[in-house]
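In this chain, residues are counted from 1 in sequence order. The structure displayed is predicted, hence computed values, not measured ones.
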Amino acid sequence: MSEEIKNEKGGVSVETKNIFPVIKRWLYSDKEIFLREIVSNASDAITKLNRLISLGEVKDIDLQGRIDVSVSKKARTITVRDNGIGMNAEEVKKYIGSIALSGAMEFIEKYETEGAADGIIGHFGLGFYSAFMVSDTVEVISRSYRGDPAVKWVCNEEGEYELSAADREERGTEIIMHISDEGTEYLEAQTLRSVLDKYCAFMPVEIYFEDEDAEVKEGEEQPKEEPINDIHPLWQKNPADCTDEEYKAFYHKVFTDFNEPLFWLHINADYPLNFKGILYFPKLTHEFANMEGQVKLYYNQVFVADNIKEVIPEYLLMLRGVLDCPELPLNVSRSYLQNNGYVTKISAHIVKKVADKLTSMFKSDREGYEKIWSDIKTFCEYASLCDRKFYDRAKDALLMQVIHGGHVTLAEYLEGAKETNENIVYYTSDPELQAQYIAMLEAKGIKVVLFDKMIDTQYVQMLEGLNDKVKFRRVDSDITDALRSGEAAHSEKLEKLFRSAAGDEKLTVKCEMLADESIPAMLNLNEESRRMDDMMKLYAANGMAFGGDFKPQSTLVVNMANPLIKRLDVEESDSDALIAKQIYGLAVLSQRRFTEDELKQFLASSYETLGKL
């Protein structure tokens, strides 16, 4: 007979020897995080004491917060010291001897009505144990601000610890990490300093670094002691109090870019979001240069990560900047974000601010804005493609460069073209190759804008989708409506002659009366089929294969107003076929580059024509 099961409650039991390997291997994504966590705890200890002093609970302490980080390759130790709140024996057993019991959280809960969370970094109890990712033994020597006897806590990588009295007179905590073979790289002073520079460059407490093994040679002066961090980063200041020189100096320092940023946006969001930051628009050196942007995320002035897409929309990662979000919901490693409403609101606020900045610059200094447009054009188009809300907010500041001078918005272009081309925007992708078409349109008073980047094709299609009455037409597409000066004509003789000259019996040939009499013929491409051809070429360049042969549909427009064409239509001559070949070849050449066979045929035809002169 089976034993009767009784209801009971209990707690999950975890043995220390089993949890430590988890901490060492999987607690944090990068081993170097250990230094950020230990130094952050030291900063919290000083912040807590400052808070108690400000509340009047601690008196007779004039605190000048300080953190010292030192390394000794000979002794195989890394030491972090602070002069903060300190701990007595009971607190060491409570906060250090119990994994995941956070002294920071208890402090915040106790003083939550007093705003104690401001500046507190370590909200997670596992931070201290990150030291075991690189250590086989960790010593903690601490003395409480209350004056209790100092205490020493020593723990090995198996989780076995020993607590004893310590000989320490001053207030604060000292953590000595005895580095294991897995962490020997951090015993190099230069490596350790680089980790400090990465994570702690703007921590709110002064940090001093020392290589204990370094020796000052005879005759050399002792290096001047200076903090390695800036406790008052520029983003914490009021934008009205910051100068252009300070913004530029900060940019050069943080991103080691000797180029000047184009402009910047200082964000100082208050309730209910509470975050600050500076976003820079770097100067581009080529089309994809801004893809190399870097937005650094900080948490109470402590570096968390680069380019976190939950906070920064992907298209804004093309920029450079810093964001300090002290209320971000972070997981235990403080390295990744949880998706929630707060993060979404931050992202939306940043997008709004960037779009508003562009609009403000356009309205307040259009001349200066146009000067930098070529550097921000790709960013603006990419952002518009990615986010309809960005486009809707910034569309009045999105420009198009006009060939032979100036810039216009889409609305301005359409307003100026009412009498000439009914909601058609003419653009060129290659001003030199398409110069003939541009000249013909400009002669009719039609402006031509420049779209010469790969992203422009998608941007143009997006604009057409959002403005169903607007069409974009490349200058070498069907532009005869804009250039026609009379009724369309018809000539079977010319149609047959030019199909033969092209070697294509299916070639579409149109006879038109064009305003410019100097041009005998021009080759036009169907806009839709050409875009499809461009897309297929782009996919092929990215290694994507498609069935079918996509070739843009072309039309040869023969100008019946041209004297040479008139002669071909009326007169009969043995040289008609040769002249037609030359005209067709020149029409192709003005529209695109020859293929190898076309070049050979054109040269042969040209030499033959010269021979008949």
Participant: Any non-hydrogen side-chain atom of Y382 less than 4.5 Å from a side-chain atom of Y459?
Facilitator: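 Y382 does not reach Y459 side chain to side chain.
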Participant: Applying side chain to side chain contact (heavy atoms under 4.5 Å, CB included), can you list everything that pairs with S491, at least two apart in sequence or on another chain?
Facilitator: K493, L494, C511, D569
Participant: What residues, two or more places apart in sequence or in another chain, satisfy side chain to side chain contact (heavy atoms under 4.5 Å, CB included) together with E517?
Facilitator: A561
Participant: Before you tell me yes or no, could you show the steps for R320 and D257 under salt bridge (charged side-chain N to carboxylate O under 4.0 Å, His left out), namely the whole-Å CA-CA distance, both residues' side-chain angles and the distance that decides it to 0.1 Å?
Facilitator: CA-CA 10 Å; R320 288 176 177 167; D257 184 356; 2.6 Å; yes
Participant: When you look at F202 and F250, which way does the ring pair (Phe, Tyr, Trp, His ring centres under 6.0 Å) test go after all the steps?
Facilitator: CA-CA 12 Å; F202 302 104; F250 183 80; 5.6 Å; yes
Participant: Are a donor atom and an acceptor atom from the side chains of S429 and R474 found within less than 3.5 Å of each other?
Facilitator: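 Checked: S429/R474 side chains pair up, N/O donor to acceptor below 3.5 Å.
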Participant: Counting only N and O atoms by type, is there a donor-acceptor contact under 3.5 Å from the side chain of S575 to the main-chain atoms of L578?
Facilitator: no
Participant: Take a 6.0 Å sphere around CZ of R366 and say whether it holds more than 12 heavy atoms from other residues, nucleotides or ligands.
Facilitator: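 Atom CZ in R366 is packed in, count exceeds 12.
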Participant: Which residues satisfy the salt bridge (Lys or Arg N to Asp or Glu O under 4.0 Å) test with K496, sequence neighbours excluded?
Facilitator: none
Participant: Checking H404 now: which residues fulfil side chain to side chain contact (heavy atoms under 4.5 Å, CB included) with it, not counting sequence neighbours?
Facilitator: I438, E442
Participant: Identify whether the distance between the nearest side-chain nitrogen and carboxylate oxygen of D375 and K283 falls below 4.0 Å.
Facilitator: yes
Participant: Ignoring hydrogens, what is the shortest heavy-atom contact between Q436 and M522? Give both atom names and the distance.
Facilitator: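 What the structure gives for the nearest pair is NE2-CB, 3.9 Å.
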Participant: Pairs in or reaching into residues 500-523: which pass ring-ring contact (aromatic ring centres under 6.0 Å, His included), with residues at least two apart or in two chains?
Facilitator: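 Not a single pair qualifies under ring-ring contact (aromatic ring centres under 6.0 Å, His included).
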Participant: Can you sort out the partners of D392 under salt bridge (Lys or Arg N to Asp or Glu O under 4.0 Å), two or more places apart, ordered by chain and number?
Facilitator: R388
Participant: If the condition is salt bridge (Lys or Arg N to Asp or Glu O under 4.0 Å), which residues does D430 pass it with, not counting sequence neighbours?
Facilitator: R593
Participant: Go through it in stages, so that I can follow the logic: the residues are D387 and Y315, the test is side-chain hydrogen bond (donor to acceptor under 3.5 Å, both in side chains), and I'd like the CA-CA distance, side-chain angles, deciding distance and then a yes or no.
Facilitator: CA-CA 9 Å; D387 189 345; Y315 57 86; 2.7 Å; yes
Participant: Do any pairs count as a salt bridge (Lys or Arg N to Asp or Glu O under 4.0 Å) and have a residue in residues 259-274, sequence neighbours left out, and if so which ones?
Facilitator: K248-E260
Participant: Test S605 against every option in K600, K581, Q582 by the side chain to side chain donor-acceptor pair (under 3.5 Å) rule and name the one that passes.
Facilitator: Q582
Participant: Taking side-chain hydrogen bond (donor to acceptor under 3.5 Å, both in side chains) as the definition, give me every residue that meets it alongside Y391, ordered by chain and number, with sequence neighbours left out.
Facilitator: none
Participant: Can you list every pair that meets ring-ring contact (aromatic ring centres under 6.0 Å, His included) and has a residue in residues 343-366, with sequence neighbours left out?
Facilitator: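 Found F275-H349, F362-Y369.
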Participant: In a check of ring pair (Phe, Tyr, Trp, His ring centres under 6.0 Å) between F281 and each of Y251, W264, F379, which one passes?
Facilitator: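 Answer to the ring pair (Phe, Tyr, Trp, His ring centres under 6.0 Å) test with F281 among Y251, W264, F379: F379.
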Participant: Is the shortest distance from a Lys or Arg side-chain nitrogen in D396 or K363 to a carboxylate oxygen in the other one below 4.0 Å?
Facilitator: no
Participant: Sorted by first residue and then second, give each salt bridge (Lys or Arg N to Asp or Glu O under 4.0 Å) pair with at least one member in residues 295-304; sequence neighbours left out.
Facilitator: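 Qualifying pairs: K296-D306.
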Participant: Taking salt bridge (Lys or Arg N to Asp or Glu O under 4.0 Å) as the definition, give me every residue that meets it alongside R393, ordered by chain and number, with sequence neighbours left out.
Facilitator: D356
